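Some notes on the structure that comes next.
Predicted model, so just to flag it, every value in this text is computed and none were measured.
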Amino acid sequence: RIVSLAPALTEDLFALGAGPAVVGDTEYCDYPAAARALPKVGGITSQSIHVERLLALKPDLVVAVFDEQGPVVDRLRRLGVRVEVMRSSTIEDAFQALRRLGELSGRQAEAGRLAAGMRQRIARVREKLAALPSQRRPRVFYQVWDAPLMTAGRGSFISQLIELAGGVNIFGDISGDYSQVSAEAVLQRNPEVILSPDRHGARVTAAGLVARPGWRQIAAVRARRVHVIDGDMVSRAGPRLVDSLDLFARFLHPEIFPPAGPGAKP
């Protein structure tokens, strides 16, 4: 009996075939469809997780992510609950979490096959872009959040996806995962492509993204290279990470990759 406290880990478990063992998850665990029907134990942060509701599910195992859920992890462990904590910052973290969940659920073989397939898809993108000169790698701004304006730093899997897809993260010089930046800094760095998840609480549109003063002059806006992507997919370091990579590659290099599919909204 497993309770998952992170959408990416929930997706991992279902992708491994361990969905029937998952007896509870968070309000944000909405993929696959079967995850939506499970009992909800709260949100993502420690403050939003209802420990009593979680304990009522009588879990043998709770899986959580590293920094954000430390207090609730400590409380659960003091109560005698087994909790496994995994990192979710980088692409390699995603593979390590998949491997560990395979071990914990008795699905090591499935984890191996899934990871191998994901690595093959990453390798195919790398191969197609291997000979791409640096001057053809567009400058990319990824908007994580709008108020305050936040982006992905070099420590994040989002930044890694941009680089793998043949782009240059304009804020790749910022350490850490996610940081607040100014609208003026984005304007000054003049990205050639702008990407964003489709929700920052409210629905995000390409027109709304570029409504800030002066942003109409940004190269990405002039060239109409502003793209909104399925936020649930792109924000999770889980099995669909490679789907996000494919979309990034299509947006950054349409001359090399096929047109964007139904998971994206130009």
Side-chain angles (χ1 to χ4, degrees), residues 91 121-122 124-174 177-235 240-266:
I91 292 174
R121 289 177 63 182
I122 292 172
R124 283 197 293 269
V125 173
R126 282 184 184 273
E127 184 179 356
K128 288 185 177 183
L129 295 171
L132 192 72
S134 59
Q135 61 268 28
R136 286 185 56 199
R137 295 178 179 266
R139 301 182 306 278
V140 181
F141 171 62
Y142 187 89
Q143 180 171 295
V144 172
W145 200 256
D146 58 350
L149 184 61
M150 297 186 70
T151 193
R154 67 170 177 264
S156 68
F157 72 89
I158 293 291
S159 187
Q160 292 178 327
L161 289 176
I162 291 170
E163 299 291 332
L164 284 170
V168 177
N169 179 7
I170 64 168
F171 288 105
D173 57 335
I174 295 178
D177 296 350
Y178 303 100
S179 299
Q180 187 172 336
V181 294
S182 69
E184 292 75 17
V186 178
L187 182 59
Q188 183 178 24
R189 298 191 185 203
N190 194 27
E192 296 165 285
V193 179
I194 295 175
L195 303 174
S196 171
D198 61 2
R199 279 196 174 275
H200 299 326
R203 179 69 63 181
V204 173
T205 64
L209 273 176
V210 300
R212 291 185 176 86
W215 276 34
R216 296 287 177 185
Q217 302 307 311
I218 290 176
V221 181
R222 294 200 308 269
R224 298 189 177 184
R225 301 189 70 183
V226 180
H227 305 287
V228 178
I229 303 171
D230 181 339
D232 287 342
M233 179 179 72
V234 77
S235 63
R240 293 189 291 168
L241 180 148
V242 287
D243 296 329
S244 298
L245 174 60
D246 285 344
L247 283 178
F248 279 30
R250 290 168 184 168
F251 285 137
L252 271 54
H253 294 285
E255 76 284 5
I256 297 174
F257 297 90
K265 311 171 190 64

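- Within a 6.0 Å sphere centred on CZ of Arg126, other residues, nucleotides and ligands contribute 12 heavy atoms or fewer.
- For the pair Leu241 and Phe157, the tightest heavy-atom approach, listed with the atom from each and the gap, is CD1-CD1, 4.2 Å.
- The two atoms that bring Gly172 and Arg154 nearest to each other are O-CB, 3.1 Å, heavy atoms only.
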#### Entry: Residue pair Ile174, Val181: steps toward the side chain to side chain contact (heavy atoms under 4.5 Å, CB included) verdict
CA-CA 10 Å; Ile174 295 178; Val181 294; 3.8 Å; yes
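- What you find for Arg121 and Val242 is that their closest heavy atoms are NH1-CG2, 3.3 Å.
- Just one of Asn169, Ile162, Val168 meets the side-chain contact (heavy atoms from CB on, under 4.5 Å) condition when paired with Val140; it is Ile162.
- Of all non-hydrogen atoms in Arg139 and Arg189, the two that sit nearest each other are NE-O, 3.5 Å.
- Ring planes of Phe248 and Tyr142: tilted class, angle from 30 to 60°.
- A donor-acceptor pair under 3.5 Å links the side-chain atoms of Asn190 to the main chain of Ala219, judged by distance alone.
- One N or O on the side chain of Arg225 and one on the backbone of Leu252 form a donor-acceptor pair closer than 3.5 Å.
- Nearest heavy-atom pair across Leu247 and Met233 is CD1-CE, 3.2 Å.
- Formation of a donor-acceptor pair under 3.5 Å by the Trp215 side chain with backbone atoms of Val186 is not found in this model.
- The shortest non-hydrogen separation linking Gly167 to Glu163 is O-OE1, 3.2 Å.
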